[in-house]
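The next block holds one structure in the form of structure tokens; read it before the comments.
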Amino acid sequence: MAETAHATATAHAHGGGHGHAHDPNLAHHFEDMGQQRTSATLGMWAFLGTEVMFFGGLIGSYIVYRFTSPDVFGAASKYGLNVWLGTINTVILLTSSLFMAFAVHAGETGDRKAQVRYLLLTMALGTLFMVIKGFEYREEYHEHLIPGPHFSTEALHLPEEPAPPTASAEHAHESAETLKTASFLTVTPVQFVRQRAQMFFVFYFFMTGLHLLHMVIGLGLVTWVLILARRGRFTPSYYTPLEMTGLYWHFIDIVWVFLYPLLYLVALHK
Amino acid sequence: MSQTVTPTARHDHAEGHIGPRTYLVIFGALLGLMALTIVAALFDLGAANFIVAMGIASVKMVLIILYFMHVRYSDKLTWVFSVAAFLWLLILVGGFLNDYFTRGLVAGR
């Protein structure tokens with residue numbers, strides 16, 4: 001393999017042949033297939049780096065809220081979310097990643113049928129994940145857990161008269177009183193708990209929603225490489241689109257690996 | 001120029017060593033770690049619950065990156081790119097958590 005790559009590089013460097021000797025998949029600004037592939041991988045990782053940053057920012061702010069109101073976040077997670085469906089979805093997504101790894105391996109070995117088979121399995125599991133997520137959202141909608149005017153903490157079993165939860169709440173209360181500012185700035189403990197419970201669901205819907213958006217894009221990419229695979233466009237020397245789609249799909253899996261314990265397993269022991 | 005590029009191409013094909021068997025082993029490990037994170041969440045470990053959960057998630061992430069995403073068998077530059085992403089994340093999250101969780105430590109503030 002490496003020898004052919006070298007041979008094409010040499011042919012290319014001599015500038016002699018137009019349209020012969022080198023792989024038709026080699027774009028002419030690259031020296032050889034290896035360089036082309038490394039460039040694609042690096043570009044993909046640079047992109048995934050930006051993805052890590054914005055999911056990381058979200059997760060970081062979630063952590064701040066979670067530790068400043070641990071009781072509210074615990075109750076919201078335990079009574080608001082369905083941990084069974086969350087766990088099933090984790091298994092589904094991990095399995096889809098396994099099939100994606102198999103599909104990329106089939107690209108490496110040039111097994112067209114296996115590429116198609118495993119890409120279809122990946123898509124099926126990805127779709128199943130989204131359907132289950134949809135049922136979860138439906139459940140939460142019926143329990144009035146969507147942040148907004150119809151939000152209700154009824155399903156969350158919050159204590160009737162909660163202890164003043166955090167220092168920041170007291171601060172807000174104190175400073176508002178000492179400054180004799182308008183009453184809308186004063187937050188009672190009950191209102192505070194309600195606000196923080198809504199905050200949990202703001203994070204929940206935003207993070208899982210953003211994750212779902214990535215799944216939709218991922219399914220689009222898998223559909224695209226599935227079409228290419230069916231047409232037999234991938235050879236052991238060129239299956240870069242398949243491999244890059246794999247990287248993206250595994251990244252989606254990694255995001256979920258963090259979202260699952262953060263959102264679903266906050267207060268399982270309580 | 002091509003002298004510096006060709007070794008990379010050769011190195012890339014070391015990826016052939018990774019196969020379905022490795023993927024199955026990693027998949028098993030991922031499922032095991034998922035079970036472990038649930039079991040850990042069933043016990044009240046205080047703040048350690050969070051650290052354990054994030055630790056297990058990080059191990060799962062590293063397994064996925066090294067094997068499913070082939071970074072273990074990729075060239076040095078790919079290592080640099082993938083590690084850099086998490087280095088920036090560490091600076092970001094480390095920085096602002098350091099801010100939030102040290103507030104109120106100084107008396108009278």
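Each chain gets a letter, A, B and so on, in the order the sequences are listed, and its residues count up from 1.
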Taking side chain as everything from C-beta outward and backbone as N, CA, C, O, which of these in Tyr100(B) sits under 4.5 Å from a heavy atom of chain A? Side chain, backbone, both or neither. side chain

Contact leader toward chain B among Val266(A), Val83(A), Thr95(A), where contacts are heavy-atom pairs under 4.5 Å: Thr95(A)

Can you tell me how the ring of His105(A) sits relative to the ring of Tyr23(B), calling it parallel under 30°, perpendicular over 60° and tilted otherwise? perpendicular

Of the non-hydrogen atoms in Phe102(A) and Leu24(B), which two are nearest, and what is the gap between them? CZ-CG, 4.0 Å

With heavy-atom distances below 4.5 Å as the criterion, would you say the side chains of Thr38(A) and Leu77(B) are in contact? no

Do Val52(A) and Trp88(B) touch side chain to side chain, with heavy atoms closer than 4.5 Å? no

Check: Phe68(B) and Leu247(A) side chains under 4.5 Å, non-hydrogen atoms: no

With a 4.5 Å limit on heavy-atom distance, are the side chains of Met69(B) and Ile254(A) in contact? yes

Any non-hydrogen side-chain atom of Leu262(A) less than 4.5 Å from a side-chain atom of Phe50(B)? yes

Asp44(B) portion near chain A, given a 4.5 angstrom heavy-atom threshold: both

Within the 4.5 Å heavy-atom criterion, are Phe258(A) and Ser58(B) side-chain neighbours or not? yes

Atom CZ of Arg72(B) with >12 non-hydrogen neighbours under 6.0 angstrom: no

Minimum side-chain heavy-atom gap Ile38(B)-Tyr260(A) below 4.5 Å: yes

Under the criterion side-chain contact (heavy atoms from CB on, under 4.5 Å), I'd like the reasoning laid out for Trp45(A) against Val71(B): C-alpha separation, chi angles, the key distance, then a yes or no. CA-CA 10 Å; Trp45(A) 270 106; Val71(B) 168; 3.4 Å; yes

